[in-house]
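Let me give you the structure first, and then I'll get to my questions.
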Amino acid sequence: MTNALSIKNLSKTYDTGLTALDAVDLDIRRGEILALLGPNGAGKTTLISIVCGLVKPSTGTVTVEGNDIVQNFRQARQLIGLVPQELHTETFETVWATVSYSRGLFGKKPAPALVEQILRDLSLYDKKDSQIMALSGGMKRRVMIAKALAHEPRILFLDEPTAGVDVELRKDMWRLVKRLRDTGVTIILTTHYIEEAEEIADRVGVINKGRLLLVEDKAELMRKLGQKQLTLELQQPLEALPGDLSGYALELADGGERITYHYDTQAKRTGIASLLSALAGAGITVKDLDTEQRSLEDIFVSLVVEENQ
Amino acid sequence: MNFEAVKSIYLFEMARMKRTLLQSVISPVLSTSLYFIVFGAAIGSRIETVEGIEYGAFIVPGLMMLTLLQNSISNASFGIYFPKFVGTIYEVLSAPISFLEIVLGYVGAAATKSLILGLIILATAHLFVPIEIRHPVWMLFFLVMTAVTFSLFGFIIGIWADNFEKLQLIPLLIITPLVFLGGAFYSIDMLPEFWQKVTLANPVLYLISGFRWSFYETADVSIEISIAMILAFLALCLTIVWWIFKTGYRLKT
Ligand SMILES: Nc1ncnc2c1ncn2[C@@H]1O[C@H](COP(=O)(O)OP(=O)(O)OP(=O)(O)O)[C@@H](O)[C@H]1O
Ligand SMILES: [Mg+2]
């Protein structure tokens, strides 16, 4: 089966000499939701812009459903819908006109019923005759999504779709994304918010400084890198950790009232039992304990920190 | 060829122009009327005829050219500059269309609008002076070719410009003087010999001359040269547009 999108050895060095993408390889499967996670300036928008034909790659190839984005740009682009990061909308046109225009631009015959459906799905239908400049920021974002969907793309790029969006719209958006996925649309979204990736994605790619650090099934990622943190609340605050506990990577927190211990849930031995008995042996009484699953956020932060070192 | 896309851009642009129709029609009609009042009445009362043609009628082709050039350039340059400026150009660039189709849509719309304006000027002029058109087909030829060529030229300016000053620079600083000095209001025979030679270096002269020939069969330079010149302009603009397309100049990073 061909992938929805296949990116090979993609690099981009801007005229300024800055390398925004560095030899990225990425295959995106049909019908999946892939979240690209990365800090500001990681190269997420650059990657999307190249696939959509807005930026020329320095090296590498991209195929969309087997169509090269340069040689077969018509077939490739026909399949793609893009909701860019920035709000770029017309000003004086009506919502209806701008969405219909987008459809035509992609070579599709007018389909008022479909445009109506898209506007209804995005709660925009009652605004169809409004001028775009009269809409709120969140509404404009809905318009941009409607424009991207107007030509019935098979692959949808959402570049930071939730920036400046309230809870309601965010929920609407995720509902829409899932519905689209159910109809077989492949969705690639970028985000800074790990919870978002955690909430919606099937797979997660982590990108930093132009390098794709990993791409993993979300569940697998959580499992593989899934560490837990054990927090022990002490009866008596400690000034320092006793020397005979130095074998454990412990941290003293909250002015000596808590000890934290990281362990791997997948390891043969978590070391909890022996830690507890060592504590007892050192005369330290534990008042309470708590364990916490390491979130995708922690994974992300440690990956990025590692990369930066 | 993605006709649906060309049609979409064309109609979208025409709709944009329709919104500003009133001002874009009123201003040239008003200035044309002013030209007639000032040039026709004041100067015309002294000159009366140029090469056997009533002065007021003599300046009509030049006036039409002035409006045509100014409007073609400003319509087309603004049409492509604006999406670049507000960022909506992303959609056009990511659509499954070639640069040729983008040019067809934008330039086609800009040229259509200036053609319509040109004809409105002609109708306005008709209210002031009797006009005869000896070669209507050639008249239309010059009208269409000029509208298309200078809309292409405007499109190039719109792509090149990265601020509003640059956008207005060329029409204001170059085109208007060239039209005024290109024999819009006089025949170059009326100039001293030295200035006649200088004027021959003005490309707009050839347009006005050929256009006026299609009305009255009087011309400063031969009609063949005029036709060759307009075709040469067209070829030049097409070459530049083709180069922009090849390099992605100012469109793609
Ligand atoms: N047109 C450009 N010219 C020069 N450098 C650019 C250009 N566009 C982006 N960059 C640089 O390339 C790098 C990657 O930018 P990009 O926009 O792809 O990051 P991003 O991951 O989308 O960031 P963010 O999360 O802030 O949107 C940044 O350092 C940015 O400054
Ligand atoms: Mg970005």
Can you say whether A:T91 sits under 4.5 Å from chain B via the side chain, the backbone, both, or neither, judging by heavy atoms?
side chain

For chain B, which residues from residues 112-150 of chain A lie under 4.5 Å away (heavy-atom distances)?
A:M144, A:K147

Inter-residue atom distance B:S94.OG - A:F73.CZ, 0.5 Å rounding:
12.0 Å

Nearest 0.5 Å, please: how far is CZ in B:R16 from CD in A:E90?
10.5 Å

Under 4.5 Å from any heavy atom of chain A - which part of B:V92
both

Are more than 12 heavy atoms, taken from residues, nucleotides or ligands other than A:Y14, located less than 6.0 Å from that residue's OH atom?
yes

For residues 52-60 of chain A, give me every residue with a non-hydrogen atom less than 4.5 Å from any non-hydrogen atom of chain B.
A:C52, A:G53, A:L54, A:V55, A:K56

Any residue of residues 147-166 of chain B which, by heavy atoms, sits under 4.5 Å from chain A:
none

Between A:K109 and B:E4, does any NZ, NE, NH1 or NH2 come within less than 4.0 Å of an OD or OE carboxylate oxygen?
yes

Evaluate the side-chain proximity of B:P96 to A:H151: yes if any heavy-atom separation is below 4.5 Å, no if none is.
no

In terms of heavy-atom proximity below 4.5 Å to chain B, should A:E86 be classed as side chain, backbone, both, or neither?
neither

Would you find more than 12 non-hydrogen atoms of other residues, nucleotides or ligands less than 6.0 Å from B:L127 atom CG?
yes

Assign the ring pair A:Y101 / B:F12 to parallel, tilted or perpendicular, where the plane angle (0 to 90°) is split at 30° and 60°.
parallel

Minimal non-hydrogen separation, A:L105 against B:S8, with atom names
N-OG, 3.7 Å

Select all residues of residues 82-89 of chain B having any heavy atom within less than 4.5 Å of some heavy atom of chain A, and report them by number, or 'none'.
B:F82, B:V86, B:G87, B:T88

Grab the two heavy atoms, one from B:R19 and one from A:F92, that are nearest each other, plus how far apart they are.
NE-CB, 3.6 Å

Most chain B-contacting option - heavy-atom pairs closer than 4.5 Å, from A:Q75, A:E93, A:K108
A:E93

Would you compute the distance between atom OG of A:S49 and atom CG of B:L93 and round it to the nearest 0.5 angstrom?
10.5 Å

